[in-house]
Every structure is written in C-alpha cells, then in structure tokens.
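To keep things clear, I will list the structure first and then write my remarks on it.
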2 protein chains.
Amino acid sequence: MRDPADTPMPRRRRRKPAAGEDPAKRAQILDGAREVFARLGFDAASMNDITRESGVSKSTIYVYFASKEDLFEALLAQTRERLLGEITAELDRPGSVAEVLGRYGRHLARTICSENVISAHRTVIGVTERRPELGRRFYQDGGRRGMEALRSYLLRQIAAGTLSIGDPELAAYQFVELSMAGLFRRRVMAHMDREPEDAEIDRTVDAAVAMFLASYGTGKGAGGAEI
Amino acid sequence: MRDPADTPMPRRRRRKPAAGEDPAKRAQILDGAREVFARLGFDAASMNDITRESGVSKSTIYVYFASKEDLFEALLAQTRERLLGEITAELDRPGSVAEVLGRYGRHLARTICSENVISAHRTVIGVTERRPELGRRFYQDGGRRGMEALRSYLLRQIAAGTLSIGDPELAAYQFVELSMAGLFRRRVMAHMDREPEDAEIDRTVDAAVAMFLASYGTGKGAGGAEI
DNA sequence: AAAGAATCGAACCGATCGGTTCGATGTTGC
DNA sequence: GCAACATCGAACCGATCGGTTCGATTCTTT
C-alpha cells in the first residue's frame with residue numbers, strides 16, 4: 001500500500017497546484033494503475049482496485065483522468081516514452097558493425113524481455129482487437145521507431161561498403177527478430193517465466209550477429225571475424 | 001444470429017444424446033464463444049454475449065460447461081489442435097533443404113499471421129499474466145511442437161551433411177522468427193491490419209531461407225543456389 | 001398420441017462495475 | 001489564524017455481471 005508521503009518530490013513546488021495539476025499526484029495514480037493493469041489486464045482491472053493500489057481517492061482520480069480508458073491511454077503513452085531512447089542510442093556509438101549490432105541486440109533483448117515490458121505487451125495486445133489504434137500506436141512509438149533507427153544505421157553501412165543488403169527494411173526486421181529468437185515469444189506466452197540470463201541473451205545475440213554478417217557482411221570492416 | 005436448423009449434422013444420430021452430450025450443440029456453443037472471445041477478449045466477453053451469438057440458451061450452456069473459464073479453456077484446447085498438423089507435415093515431404101524450409105516457412109507464416117490465429121494469440125496473451133498456464137499450454141501445444149519438429153529435421157540434415165549447425169535448437173528458433181520477420185509482430189499489434197499477401201510472405205521466407213543457408217549450409221545438396 | 005427428457009428463455013440473485021455526489025478533512029497561501 | 005481550495009471517502013446510481021431457477025416448449029422414442 002502506497003504512502004503518499006513516500007512519493008519522491010522532484011523539487012519544491014512554487015505554488016499549490018490547481019485541482020488535477022499536481023504532477024506528484026498524477027504520478028501516484030499512474031503508478032498504482034500500472035500495477036493493477038499489469039496484473040489484471042484492462043478489463044478485469046477495476047477503478048476500485050486502482051484506488052486501493054494507488055492510495056488516491058476515486059473522486060480524485062476522476063479529477064485527473066476523464067475515464068478508465070483515459071487513464072489507460074495515459075499509462076500506455078508513458079510506457080512507450082521509456083522504451084526506446086537508450087536502445088537506439090547504441091547505434092550512435094563507435095565500433096565495428098559486429099560490435100554495434102551486438103550492443104544494440106543485447107540492449108533490445110534485455111529491454112523487450114524484461115518483466116515490465118512483457119507485462120505492457122500483454123496488456124496492450126489484450127485490448128488490440130477492440131482498440132487496434134492502441135496496439136498500433138504502441139508499436140509505432142516503440143518497436144517501429146527502433147526498427148527505423150536500425151534501418152538507417154544499415155543504410156549508412158551499405159554506403160560505407162561494410163554491408164551489402166538488397167532489402168534494408170527486411171534486414172532490419174530480421175536482425176530484430178534474430179536478437180530475440182527463442183526469447184520474446186516464450187516470455188510473452190509464459191513458457192519462460194523469468195527474465196533471460198545474460199548468457200542466454202549473449203548466445204542469442206552473438207548468433208544473430210554471426211548469421212547477419214554471414215549473409216550481409218562484405219568482409220570490409222564489419223568485424224564479423226572478431227566475434 | 002445462428003439458426004440451430006442450419007447446424008450441419010455430421011451424420012444421423014442413432015439416439016438422442018443425454019443432456020450435455022450432443023456434439024452438435026457443443027460445437028454450436030464453441031463457435032459462438034469463439035466469435036465473442038475473439039472480438040472482446042476473455043474479460044469483456046459476457047455469457048449473455050455468448051448466448052446471443054451462439055443461439056444457445058444460457059442455462060443450456062451451463063449444462064455443457066461448468067463456467068465461463070471452463071468454456072474458454074475448452075475453446076483454447078480446440079484451437080490448439082488445429083494449428084500445427086499441416087505445417088509440420090511439410091517437413092516430411094521430399095525436396096532439398098531450401099525447398100522444404102521454404103514450404104515450411106510459408107505455411108508457418110501464412111497460418112500464424114491468419115486472422116483466426118492472430119485473434120487467438122491476442123486472447124491468450126491477454127490472460128497470460130493472470131493465467132500463465134493457459135499461455136504456456138497454448139505455446140507448448142502449438143509453437144513449441146512445430147519448433148521441435150523443425151529441430152528434428154535440422155538434426156537429420158546435420159547428420160546427412162547438408163547443414164552444419166552448432167546449436168540446432170537456436171537455429172530452429174531463428175528460422176521460425178526469420179520466416180515471420182516483419183509480419184507477426186506487426187499483425188498482433190494491428191500495425192498491419194490484414195493478412196499478408198503471398199508476395200510478402202514469399203519475400204520474407206525466401207530471404208529467411210537464403211540467410212539460413214548462408215549461415216548453416218554446407219553447399220552439399222541443401223539447394224540454396226536454386227533459390 | 002403419450003411419455004420422457006433436452007432445451008429454452010424469462011426472471012431472479014448477490015455482487016461488482018464505472019462513474020457521480022457531497023460533506024468532511026487536510027493543505028497551502030496570505 | 002483564516003480563507004480558499006485540493007483531496008478524501010462514504011454513499012449512491014443505473015447497469016451489467018456470472019450463475020441459478022423453473023415452467024414452457026420442443027424433440028425423440030415408443
């Protein structure tokens with residue numbers, strides 16, 4: 001049970017926020033909602049559950065969010081923001097293609113197979129049939145953006161002559177899926193009920209890089225031989 | 001609205017079934033339930049919805065199934081039975097490795113990205129957090145079995161010298177994911193809201209086979225050059 | 001046609017749902 | 001300390017939920 005006094009204060013507020021404008025209170029609601037939606041999914045989660053979990057009165061929650069769906073969408077938006085920044089940053093760091101792809105793949109696999117992200121996927125996928133735009137937006141602002149960044153990186157390597165790829169978009173999809181081969185699908189279906197160990201991720205991503213370079217590497221500076 | 005008179009009779013019944021034992025009535029309930037669960041997911045689907053959709057009285061449904069969950073699990077069991085038989089049969093048909101993998105990959109991609117299977121995945125994934133054994137069982141009787149059959153096939157090709165693979169299990173995961181690269185994930189998140197065209201599947205699977213053989217083919221009879 | 005039994009469907013039950021109301025309480029600024 | 005206002009939490013609303021009851025209807029067998 002969350003004690004409002006424990007909510008970290010980002011900094012001293014200059015004045016008392018208007019009703020529904022307190023960022024700390026808003027965050028408190030979202031934190032509670034995240035727990036409940038993650039555990040029960042959208043439909044089975046009740047606003048009474050969220051009231052209890054967040055420690056915020058239901059009438060206050062309705063000051064901050066217009067409806068259960070509004071709250072859910074705000075939570076999805078927040079979750080998406082946090083997924084991709086660091087992963088794609090790996091593509092901007094120096095190194096051979098093998099090194100860069102290895103780091104990207106590891107970071108990707110670790111993040112996407114983490115407990116929070118798996119829960120988020122389950123929650124979103126669970127409502128996608130009824131609310132396809134939610135699934136679409138989640139994908140577009142998450143996986144899609146990461147894939148686009150990778151494609152751009154591949155285009156640069158093609159221009160530099162280190163890779164030879166006829167279809168860069170498909171190659172980007174391929175590398176993403178190879179990096180999570182045997183991991184994500186089993187995670188999301190609870191066939192693997194814990195986060196993968198580093199060794200498992202290494203095994204998968206190293207093999208992905210090797211396969212990728214065997215197929216697309218030109219042998220000029222891609223660094224495949226250094227695996 | 002389903003008219004019981006339209007229910008196809010498998011054959012003339014020799015005697016009147018006892019209450020709850022009529023296969024036609026049972027199928028009618030499951031058909032209606034499939035529609036409703038697919039559209040709304042488990043939690044938002046109501047038994048009243050299923051009554052209306054199936055055209056079977058609610059009290060009769062409760063003669064056949066003990067609860068909403070019982071009905072859902074029966075439906076999942078039925079869905080699983082239908083997923084894998086034909087796909088894995090592709091592995092038993094003659095042809096070079098490239099041909100066999102191509103056919104398997106195409107069949108896999110077409111099936112897994114079909115409307116019914118995408119809906120089933122969404123429904124199952126949506127409840128997996130709360131009922132992990134359902135997700136696990138769905139995966140185990142579906143994807144897992146297909147993966148095992150592929151792994152066995154790969155082992156045979158390794159023994160025959162057409163493939164050289166250090167980690168056959170991981171290679172099987174890789175081929176499965178490559179066959180659906182850019183397809184399944186976008187489908188399940190509604191980023192692609194229709195079934196992939198044959199040309200799209202061919203593009204993906206042909207590239208998967210090429211990549212796979214570039215990495216693991218020995219050049220002895222795998223048939224990669226014929227792509 | 002009569003008997004037996006499966007099924008139907010309206011009504012019901014207690015519980016919960018999303019959302020609303022409003023007096024009481026707590027917090028902040030002056 | 002007081003006034004203003006954010007928040008609280010109990011109570012409420014109409015609706016729906018999963019599941020049950022039971023007389024009426026339908027179907028099959030003799």
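Chain letters run A, B, ... following the sequence lines, proteins first, then strands; residues in each count from 1. Source: prediction; values computed, not measured.
- Side-chain N or O atoms of A:E195 include one that pairs as donor or acceptor with a backbone N or O of A:E115 at under 3.5 Å.
- A salt bridge is absent between B:R103 and B:E99; no separation between the charged side-chain nitrogens and carboxylate oxygens falls under 4.0 Å.
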Are B:D70 and B:S67 close enough, and set up right, to give a side-chain hydrogen bond (donor to acceptor under 3.5 Å, both in side chains), and what steps lead you there? CA-CA 5 Å; B:D70 187 38; B:S67 62; 5.4 Å; no

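- The CG atom of B:L40 sits 18 Å away from the P atom of C:dC17 (whole-angstrom rounding).
- Residue A:K25 places no side-chain N or O under 4.0 Å from the OP1 or OP2 atom of C:dT27.
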Give the C-alpha distance, both sets of side-chain angles, the deciding distance and a yes or no for side chain to side chain contact (heavy atoms under 4.5 Å, CB included) between B:T79 and B:V117. CA-CA 8 Å; B:T79 305; B:V117 178; over 6 Å; no

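- The distance between atom CG of B:D22 and atom P of D:dT28, rounded to the nearest whole Å, is 10 Å.
- Recorded end-axis angle for the helix from C:dA1-D:dT30 to C:dC30-D:dG1 stands at 20°, based on five pairs per end and rounded to 10 degrees.
- Using modelled atom types, no side-chain atom of B:R122 and backbone atom of A:I125 make a donor-acceptor pair closer than 3.5 Å.
- Between B:R144 and B:E169, at least one side-chain nitrogen of the basic residue sits less than 4.0 Å from a carboxylate oxygen of the acidic one, meeting the salt-bridge criterion.
- Remark: the backbone N or O of B:V56 is not paired with any side-chain donor or acceptor of B:K25 at under 3.5 angstrom.
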Given A:R93 and A:E90, is the salt bridge (charged side-chain N to carboxylate O under 4.0 Å, His left out) satisfied, shown in steps? CA-CA 6 Å; A:R93 295 168 59 193; A:E90 298 283 2; 2.8 Å; yes

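- Whole-Å rounding puts the A:I29 CD1 to D:dA6 C1' distance at 12 Å.
- A heavy-atom distance below 4.5 Å is found between the side chains of A:L30 and A:Q78.
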Are there any protein N/O atoms within less than 3.5 Å of an N/O atom in nucleotides 9-11 of chain D, and if so, which ones and at what distance?
from, atom 1, to, atom 2, distance (Å)
D:dG9, N7, A:S57, OG, 2.8
D:dG9, N7, A:S59, OG, 3.3
D:dG9, O6, A:S59, OG, 2.5

Close N or O pairs between protein and nucleotides 2-4 of chain D (under 3.5 Å):
none

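- Counting to the nearest Å, the P atom of D:dC12 and the CG atom of A:N48 are 15 Å from each other.
- Salt bridge A:D202/A:R110: absent, no basic N to carboxylate O contact under 4.0 Å.
- The distance from the OH atom of A:Y173 to the CZ atom of A:R151 is 9.0 Å, given to the nearest 0.5 Å.
- D:dA6 atom C1' lies 15 Å from atom CD1 of A:I61, rounded to whole Å.
- For the ring pair (Phe, Tyr, Trp, His ring centres under 6.0 Å) test, no residue two or more places apart in sequence or in another chain qualifies with B:Y153.
- Using a 4.0 Å cutoff on non-hydrogen atoms, the parts of residues 67-75 of chain A near DNA chain C are A:S67, A:K68, ordered by number.
- At a cut-off of 3.5 Å, with distance as the only test, a side-chain donor of B:D49 or B:S46 sits close to an acceptor on the other residue.
- Across the protein-nucleic acid pair, A:E21 atom CD and C:dT28 atom C1' stand 17 Å apart, rounded to whole Å.
- Phosphate contact (OP1/OP2 of D:dT16, side-chain N/O of B:S46, threshold under 4.0 Å): absent.
- The residue A:A45 sits close only to the backbone: its heavy atoms come under 4.0 Å of sugar-phosphate atoms, none of a base.
- Across all strands shown, B:Y64 has heavy atoms under 4.0 Å from sugar-phosphate atoms exclusively, and none from any base.
- Listed by first then second residue, pairs satisfying ring-ring contact (aromatic ring centres under 6.0 Å, His included) with a partner in residues 36-56 of chain A read A:F37-A:F42, A:F37-A:F72, A:F42-A:F72, not counting sequence neighbours.
- The CG atom of A:D43 sits 18 Å away from the P atom of C:dT16 (whole-angstrom rounding).
- For B:Y62 and D:dT20, the OH to P distance is 7 Å, given to the nearest whole Å.
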